[in-house]
Amino acid sequence: MKIFLDSSKLEEVNKWLPVIDGVTTNPTILLKEGGDVYTLAHLLNPKPISIEVCGDFETDARKYAGEVPNAVIKIPLLKPNGGNNLELIKRLSKEGIPINCTALMSLSQVILATKCGARYVSLFAGRVDDEGGDYCKMIKDCIDFLDEELCIEKGEGTEFYTDIELIVGSIRTVGNVLDAVRAGAHIVTIPPTVLEKMLVHRFSLDTVRQFESDNEKSKSAVSGNLPHTLG
Ligand code: E4P
């Protein structure tokens, strides 16, 4: 399973670089955290960075795809006016522009995004959970569908991507991450606050502090004994 960082903060990308396989951003994250996608992309290259497009989806998609070699263009399946981006995703994917089809909340949406040739499909598990939906079952169902689908697509020699990956996003807790791993998610995109909780355990801290302190004590004991030992 791969880990993406769901953040646009340069310090956080730098901090988690050894364990992450990519980064996802969106307009809300950029508004809250600041950061510049070009700088982040440069730091991450060749790992992928998902950059979300809004408004004039196609113009922005072509701009980022042309300017950022490791950009994955994040396009929502639905438009704010109730329309959809199915045709655009299919056309850009066919041209070889990697698309992360985003803001998906159901297996049925994942199926449609896959059929358009998206390289990544982003299931917002936390938002499904917020509404009482069974996000673990939904992840499992999506993975089963993709496994089945990719076999068929490979057999037919499709011109589209055959390595579609499910990104589980909208992660709120370490429990969400572990659920996604158990359900077989290909990728989980995790906010820095949750990654920090995955890393730090107070008993681990107590343990390394004890080792450090005992090591210091041993050193002073040895240096204290040195003249005596050496006779
Ligand atoms: C994923 O790609 C999104 O950036 C993100 O996980 C959305 O999370 P939210 O539901 O907390 O906005």
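One-based numbering, in listed order, for ligands and for the atoms of each.
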Requested in this report: Report the C-alpha separation of Lys217 and Glu212 in whole Å, then their side-chain angles, then the decisive distance to 0.1 Å, and conclude whether the side chain to side chain contact (heavy atoms under 4.5 Å, CB included) test is met.
Outcome: CA-CA 9 Å; Lys217 284 180 198 157; Glu212 196 68 29; over 6 Å; no
Protein contact to [atom] [nearest heavy atom, distance to 0.1 Å]:
atom                    : answer
atom 11 (O) of ligand 1 : Arg172 NH1, 2.8 Å
atom 2 (O) of ligand 1  : Lys74 NZ, 2.8 Å
atom 5 (C) of ligand 1  : Asp6 OD2, 3.0 Å
atom 8 (O) of ligand 1  : Ser170 CA, 3.3 Å
atom 12 (O) of ligand 1 : Arg127 NH2, 2.7 Å

Query raised in the report: Applying the side-chain contact (heavy atoms from CB on, under 4.5 Å) test to Leu104, which of Ile111, Val121, Leu112, Ile167 qualifies?
Result: Val121
Query raised in the report: Do Ser122 and ligand 1 have an N or O pair less than 3.5 Å apart?
Result: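 N/O-N/O distance under 3.5 Å: no.
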Report task. Answer with yes or no whether the side chains of Ser7 and Glu33 bring together a donor and an acceptor at under 3.5 Å. Result ->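 Present: a donor and an acceptor within the cut-off.
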Requested in this report: Report, in ascending order of atom number, the atoms of ligand 1 lying under 4.0 Å from any heavy atom of Gly169.
Outcome: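 The atoms of ligand 1 under 4.0 Å from a heavy atom of Gly169 are 6 (O).
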Query raised in the report: Counting from 1, what ligand 1 atoms have a heavy atom of Asn26 closer than 4.0 Å?
Result: 3 (C), 4 (O), 5 (C), 7 (C)
Query raised in the report: Which atom pair, heavy atoms only, marks the closest approach of Thr28 to Asn26?
Result: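 Taking every non-hydrogen atom into account, N-OD1, 2.9 Å.
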Query - Separation of Leu88 CG from Glu58 CD (nearest 0.5 Å) - result: 5.5 Å
Query - Gap separating the CG atom of Asn84 from the SG atom of Cys101, nearest 0.5 angstrom - result: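 Answer for the CG-SG pair, Asn84 versus Cys101, is 9.5 Å.
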